[in-house]
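What you see is a predicted model; the values in this text were computed from it and never measured. Lettering of chains follows the sequences in order, A, B, ..., and the numbering in each one begins at 1.
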2 protein chains.
Amino acid sequence: MNNKIILIVDDESQIRKLLEINLENQDYKVLMASTGEEGIHMAASHQPDLILLDLGLPDINGHEVLKQLKTWYMKPIIILSVQNSESDIIKALDNGAEDYLCKPFRTGELLARIRNAMRHAEVNNHDNKIQTGLLCIDLNTRTVSVDQEIIKLTSTEYQLLTLLASNQGKVLTHQFILKQIWGPSFVEETQYLRVYIGQLRKKIEINSNDPKHIVTESGVGYRFF
Amino acid sequence: MNNKIILIVDDESQIRKLLEINLENQDYKVLMASTGEEGIHMAASHQPDLILLDLGLPDINGHEVLKQLKTWYMKPIIILSVQNSESDIIKALDNGAEDYLCKPFRTGELLARIRNAMRHAEVNNHDNKIQTGLLCIDLNTRTVSVDQEIIKLTSTEYQLLTLLASNQGKVLTHQFILKQIWGPSFVEETQYLRVYIGQLRKKIEINSNDPKHIVTESGVGYRFF
DNA sequence: TCCCTTTTTTTATATAATATTTATAATAAA
DNA sequence: TTTATTATAAATATTATATAAAAAAAGGGA
C-alpha cells in the first residue's frame, strides 16, 4: 500500500533502530546511513521520497550535508537534532529544510510531520510504461497508444492486454488467462478469449491479419511481444 | 519591500502585542483577532498570506477553527499553542496546519518558520492554475471559468473537479474518487458520482452530450483532459 | 426560532456500452 | 484430407451510465 522510501541519516545506531521500527510499522521502506557522505550517496542512488537528517554527523557538518543535498534533491528533508539552539533551527530552515525536530522527539509527532511533509511534496509518481514497437501501455494513467494515437479499450480488453504485456515473451495458457481475468469458474470459456483477442488485435495491431504483438500458440495459449 | 499580511488569532493581548512588534519589525502587515469567529471573518475579508492560530480560544475550539479555515483558506496556517500534547500536534498537522509551535516560543525560530511557510506557499502559487482549452481552474482563488466566464460550483463539485483535473490524463476509479471526496464508507455509491459528473459536465463542457474534459471510462472511472 | 434557498441524496428510467452467445468461416495440426 | 482449433461477425443479453426530478438535509439570514 505505502511504498514511500525514507532515508535516515544518523550516526547513533539506537536512534536508527528506533526510527526503522516505527517507520516500517507505517509501511515505509527504510534506508539508513550513518555518515554524511554515505547519506548523500544513498540519496543519489536510491532517490528516497524523504530524508531524515541528523545534524551531528561524524564526518561532514550536518548543515553542509543539507546544503549539498538541496542543490539537487527536490524532496523534503526533515532535520533531527539534539541541538536545540535557535540559530541552528533558523539556519536549517533557511537552508531549505522542510522541518526541524529536536531530540528526543515523540514518535507520533515525527510521523505526523512526515505525513505533512509528504503531503507538501506530493510529486506525481514516476511513470510505469510498457513500450514495444509502436505500442505503448501506460499503466499509470491506464492509457494505451499506437503510434502516439490513444486507443480506447474496454475494461476487459485492458486487463487482458496488461496481463499479456506484463508477461512479455512468455506463453500464457488459455486456462491461466481465463482464471486471471474472468475467474476460476471460467477456465473452460475459451471462446470468450478468442473474441477478446480478436478485438484487441483489431485495435493494437498494424495489420490484424498478421499480428506481431499478440501471437497465437495453437492448442496452448497466447504470447505477447 | 515586504507586503505580506499575517493574521494573528490569539486571545492573549500580551502575545498579540509581542507578535505584532516582531512581525512589523520584519515589515509584515499585521492583523489581529482575539476570538475564533473574529479570526474566521477577518481571514475571509482580508485574505491574509499566513495565519498564526492559537488553539486555546475563548469561543470556538482551535481545532474546529482550523478545520473550518481549511475548507476554503489555501495559505499556510501555523499553530501556536501552550498545549504541548502529542495528540494535539498530530491532530493539527493532519488537519492541514502548516506547522506547530509550542508556547513559549522563541521569536527567531517563529520568524524562520514563517519564512519557511511563505516559501512553501510561494512554490504552491506558481502552478496554481490548471488551464485546458477554454476551461481554467484557479486553485488559488478557488474559481473556475469557461471562456473567461466564471462558473459557480458547489463545494463537492469543486472538489471533484480539482481531484480529476490535478490528475489530468489519468483514469481515476470510481472507488478512488468516492473515497477521496465522500470518504471510505462511500466507495459503493457510484450513483452519487454519476449525478455530480453530470452536473459538472453541464457547467464546464461546451457540449455536455459530447464531453471533452471529463471522459467516461466505462466500468472503471473517469478521466480528465 | 422559522422560512427560504441551496446542496446533497435518493429514486426512476431511458440510453449507451460492454459482455456473452451463436453461427460460421478460416486456419493449423494430425 | 480430416479433424481440431482458432478467428470473425453479428445477434442478444446484461450491465453501466446519464439524466431528470423528487425528497431530504444543510445552511443562512430575518
Side-chain angles (χ1 to χ4, degrees), chain A residues 142 144 151-161 163-164 171-175 177-178 180-183 185-205 207-224, chain B residues 37 40-41 44 60 64 67-68 71-72 142 144 151-161 163-164 171-175 177-178 180-183 185-205 207-224:
Chain A
R142 201 188 170 286
V144 177
I151 301 300
K152 200 168 176 328
L153 298 182
T154 73
S155 170
T156 312
E157 286 164 3
Y158 180 79
Q159 282 180 266
L160 177 55
L161 179 62
L163 178 63
L164 288 163
V171 182
L172 301 183
T173 65
H174 303 130
Q175 289 86 341
I177 299 172
L178 285 161
Q180 291 297 310
I181 293 179
W182 279 270
S185 56
F186 289 73
V187 289
E188 304 292 320
E189 306 284 354
T190 341
Q191 182 56 18
Y192 285 18
L193 201 44
R194 297 204 183 100
V195 171
Y196 275 90
I197 290 288
Q199 288 172 358
L200 266 181
R201 281 175 175 156
K202 263 196 278 189
K203 291 183 179 183
I204 68 165
E205 300 282 0
N207 174 8
S208 70
N209 293 102
D210 177 24
K212 300 293 186 201
H213 287 305
I214 302 177
V215 176
T216 303
E217 296 290 337
S218 194
V220 188
Y222 297 92
R223 190 201 296 267
F224 180 88
Chain B
E37 193 175 7
I40 290 171
H41 279 124
I60 321 172
E64 198 44 52
K67 263 195 220 159
Q68 275 194 239
T71 61
W72 58 270
R142 203 190 170 285
V144 176
I151 301 301
K152 197 172 177 315
L153 297 182
T154 72
S155 164
T156 311
E157 286 164 3
Y158 179 79
Q159 281 181 267
L160 177 55
L161 179 61
L163 179 63
L164 287 163
V171 177
L172 301 183
T173 64
H174 302 128
Q175 290 88 337
I177 299 171
L178 287 161
Q180 291 296 311
I181 293 180
W182 279 270
S185 56
F186 289 75
V187 289
E188 304 289 319
E189 305 285 354
T190 340
Q191 183 57 16
Y192 285 18
L193 201 44
R194 297 204 184 100
V195 172
Y196 275 89
I197 290 287
Q199 288 172 359
L200 268 180
R201 279 176 176 156
K202 263 196 276 188
K203 292 183 179 183
I204 68 165
E205 299 282 0
N207 173 9
S208 69
N209 292 102
D210 177 24
K212 301 293 187 203
H213 288 305
I214 302 177
V215 176
T216 303
E217 296 287 337
S218 192
V220 187
Y222 296 92
R223 189 202 297 266
F224 180 89

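Rounded to an integer number of Å, the gap from CG of A:Leu200 to C1' of C:dA19 is 14 Å. The CZ atom of A:Arg194 sits 15 Å away from the P atom of C:dT22 (whole-angstrom rounding). Atom CD1 in B:Ile181 sits roughly 11 Å away from atom P in C:dT8 (whole-Å rounding). C:dT8 atom C1' lies 14 Å from atom CG of B:Leu193, rounded to whole Å. If you measure from atom CD of A:Glu188 to atom C1' of C:dT21, you get 17 Å, rounded to the nearest angstrom. With rounding to whole Å, A:Glu217 atom CD is found 15 Å from C:dT27 atom C1'.
Ring-plane geometry between A:Phe224 and A:His213 is classed as parallel, the angle between the planes falling under 30 degrees on a 0 to 90 degree scale with a further cut at 60.
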Chi angles and distances behind the side-chain hydrogen bond (donor to acceptor under 3.5 Å, both in side chains) call for A:Arg142, B:Thr173: CA-CA 10 Å; A:Arg142 201 188 170 286; B:Thr173 64; over 6 Å; no
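Side-chain atoms of A:Glu217 do not come within 3.5 Å of backbone N or O of A:Arg223 as any donor-acceptor pair.
Smallest separation of non-hydrogen atoms from B:Lys203 and B:Thr154: NZ-N, 4.4 Å.
Considering only side-chain atoms of A:Trp182, the nucleotide from C:dT9, C:dT7, C:dT20 that sits closest is C:dT20. Candidate nucleotides C:dT8, C:dT10, C:dT20 were compared by shortest atom distance to the side chain of B:Thr154, and C:dT8 ranks first.
Chain B approaches DNA chain D over the interval D:dA16 to D:dA20, counting the first and last nucleotide 5' to 3' with an atom under 4.0 Å from its heavy atoms.
Comparing the axis of the opening five pairs of the helix from C:dT1-D:dA30 to C:dA30-D:dT1 with that of the closing five pairs yields an angle of 40°, rounded to 10°.
Residues B:Ser218 and B:Gln199 both approach DNA chain C. Their nearest nucleotides, taken by heavy-atom distance, put B:Gln199 toward the 5′ side. Looking at which nucleotide of DNA chain C each of A:Glu157 and B:Leu153 is closest to, the 5′-most match is held by B:Leu153.
B:Thr156 comes within 4.0 angstrom of sugar-phosphate atoms only, judged by non-hydrogen atoms across all strands, and of no base.
No more than 12 heavy atoms of other residues, nucleotides or ligands lie within 6.0 Å of CD in B:Glu37, so this atom counts as exposed by the packing criterion.
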